[in-house]
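Numbered from 1 within each chain, the chains take letters A, B, ... in sequence-line order. Because the structure is a prediction, the values reported are computed rather than measured.
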Number of protein chains: 2
Amino acid sequence: MARVLSHRNLPLLLLQAREAVLAHFRPILNHFGLTEQQWRVIRALAEAGPMEPNRIAETCQILGPSLAGVLARMEELGLVARRRLEADQRRVRVSLTAKSRALFAHVAPLVEAQYRELESAVGKQAIAQAYRTLDRLIAQFGAPVAAVALPKSPPRAGARRRRATRR
Amino acid sequence: MARVLSHRNLPLLLLQAREAVLAHFRPILNHFGLTEQQWRVIRALAEAGPMEPNRIAETCQILGPSLAGVLARMEELGLVARRRLEADQRRVRVSLTAKSRALFAHVAPLVEAQYRELESAVGKQAIAQAYRTLDRLIAQFGAPVAAVALPKSPPRAGARRRRATRR
DNA sequence: ATTAGAACGCTAACATGTTAACGAGTCAAC
DNA sequence: GTTGACTCGTTAACATGTTAGCGTTCTAAT
């Protein structure tokens with residue numbers, strides 16, 4: 001658990017914290033053959049009901065293009081169902097299946113139990129404190145902040161590869 | 001900035017917080033053609049001097065296999081140099097080049113400036129508070145915690161694909 | 001009725017994350 | 001001196017993250 005460089009490097013510190021927390025839950029998900037993202041999607045749909053991809057994306061913090069693949073594989077595995085909306089053919093409704101609902105019923109209690117395990121080891125109010133701090137951080141950093149001015153012709157590390165036009 | 005599901009979901013909250021913070025720095029790195037990981041590596045080497053891959057990995061929170069690719073591309077771009085240690089031919093010493101040192105000299109002040117911008121917008125002690133909370137979180141969750149018992153034959157979402165032996 | 005924009009989900013191309021396993025090098029026991 | 005366990009960096013195979021751009025559908029202005 002090396003922690004050099006963490007000061008004046010908030011993103012890295014958040015990454016390390018996330019890893020430290022997630023390490024306690026990863027074994028559960030692996031045991032059920034679920035990826036972390038699949039579990040986020042299942043959990044979101046189980047708690048909030050059927051949703052459209054863009055809502056899932058922002059809820060689960062997964063970008064659209066990633067989500068397309070995640071949902072495709074989950075559909076393949078029979079974990080979600082996708083159908084176009086009658087009213088608007090662009091939009092899609094994603095819902096859980098019987099299989100994923102059953103899976104959720106198995107996994108959720110274990111995740112909750114692990115949570116309580118951590119709470120009792122770390123202290124309930126320490127975790128509550130973390131929630132408060134993070135909530136505030138997100139709210140404050142979400143508001144617009146002035147961006148530093150960037151030089152016009154910077155020394156670039158690597159030229160961005162050009163995209164091949166598809167056809 | 002949707003924030004449903006965040007409660008009783010600490011990993012997701014940390015992910016959202018990280019994204020909220022990083023959003024303010026990503027434009028700088030993109031401007032210089034750097035990926036987030038490349039910047040972490042350059043910063044680490046600039047601050048701590050030459051290192052071996054396993055040290056870089058734990059410092060930058062990048063897993064070994066990912067780092068192998070990151071370093072290979074960075075070497076290709078002339079951002080790092082790799083050489084085997086004389087004493088132990090398994091080990092490697094990674095160091096910055098003149099090019100990446102120059103790049104660091106350009107980028108670091110901008111990152112610092114953006115940091116100060118955020119501090120003045122959010123409040124210095126709010127950020128200090130975040131550091132304290134995250135440090136404690138990492139320390140406490142890093143310590144061993146009892147793991148919940150897992151069922152023997154779980155309903156698996158997807159069978160893990162078998163690995164093809166290479167030869 | 002037609003058409004320019006915008007919304008939505010998606011594909012494309014590449015970089016990275018994750019787990020397993022490999023291959024070369026080291027070192028200690030025999 | 002061989003052997004066998006171990007370390008280190010890496011490759012392999014697949015899932016996901018990231019940015020650009022495409023194609024269809026919808027909407028609104030003409």
Sole residue of A/T35, A/V41, A/L96 in side-chain contact (heavy atoms from CB on, under 4.5 Å) with A/M74
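Of A/T35, A/V41, A/L96, side-chain contact (heavy atoms from CB on, under 4.5 Å) with A/M74 is met by A/V41 alone.
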Is the distance from the ring center of B/F104 to that of B/W39 below 6.0 Å?
yes
Phosphate OP1/OP2 of [N]: any [X] side-chain N/O under 4.0 Å:
{"X": "B/N54", "N": "D/dG9", "value": "yes"}
{"X": "A/Q38", "N": "D/dA15", "value": "no"}
{"X": "A/S66", "N": "D/dT16", "value": "no"}
{"X": "A/R91", "N": "C/dC10", "value": "no"}
{"X": "B/R18", "N": "D/dG17", "value": "no"}

Reckon [X] touches a base, only the sugar-phosphate, or nothing at all at heavy-atom distances under 4.0 Å?
{"X": "A/E36", "value": "nothing"}
{"X": "B/I62", "value": "sugar-phosphate"}
{"X": "A/R84", "value": "nothing"}

Whole angstroms only, please: what is the [atom1]-[atom2] distance between [X] and [N]?
{"X": "A/L63", "N": "C/dT11", "atom1": "CG", "atom2": "P", "value": "16 Å"}
{"X": "B/M74", "N": "D/dG9", "atom1": "CE", "atom2": "P", "value": "16 Å"}
{"X": "B/R82", "N": "D/dC8", "atom1": "CZ", "atom2": "P", "value": "17 Å"}
{"X": "B/L34", "N": "D/dT18", "atom1": "CG", "atom2": "P", "value": "16 Å"}
{"X": "B/R73", "N": "C/dG17", "atom1": "CZ", "atom2": "C1'", "value": "12 Å"}
{"X": "B/E58", "N": "D/dC8", "atom1": "CD", "atom2": "P", "value": "11 Å"}
{"X": "B/Q37", "N": "D/dT16", "atom1": "CD", "atom2": "P", "value": "17 Å"}
{"X": "A/L71", "N": "D/dG17", "atom1": "CG", "atom2": "P", "value": "12 Å"}

Identify the pairs formed between an N or O of the protein and an N or O of nucleotides 25-27 of chain C at a distance under 3.5 Å, and give each distance.
residue	atom	partner	partner atom	Å
C/dG25	N2	B/R90	NH1	3.2
C/dT26	OP1	B/Q89	N	2.8

Should A/R82 and A/E52 count as an ion pair when the cut-off is N to O under 4.0 Å?
no
Hey, is B/R18 close enough to A/E19 for a salt bridge, meaning N to O under 4.0 Å?
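Looking at B/R18 and A/E19, the cut-off is not met.
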Among the nucleotides [options], which one has an atom lying closest to any side-chain atom of [X]?
{"X": "B/A68", "options": "D/dT18, D/dT10, C/dT16", "result": "D/dT10"}
{"X": "A/P53", "options": "C/dC10, C/dT19, D/dA15", "result": "C/dC10"}
{"X": "A/R26", "options": "C/dT19, C/dT11, C/dA15", "result": "C/dT19"}
{"X": "A/E52", "options": "C/dT16, C/dG9, C/dG17", "result": "C/dG9"}

Inter-residue atom distance [X].[atom1] - [Y].[atom2], 0.5 Å rounding:
{"X": "B/L29", "Y": "B/Q38", "atom1": "CG", "atom2": "CD", "value": "9.5 Å"}
{"X": "A/L13", "Y": "B/I138", "atom1": "CG", "atom2": "CD1", "value": "4.5 Å"}
{"X": "B/R136", "Y": "A/I127", "atom1": "CZ", "atom2": "CD1", "value": "10.5 Å"}
{"X": "A/H106", "Y": "A/I28", "atom1": "NE2", "atom2": "CD1", "value": "14.0 Å"}

Please compare A/L67 and A/E19 by the position of their nearest nucleotide in DNA chain C and report the one closer to 5'.
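Here A/L67 is the residue nearer the 5' end.
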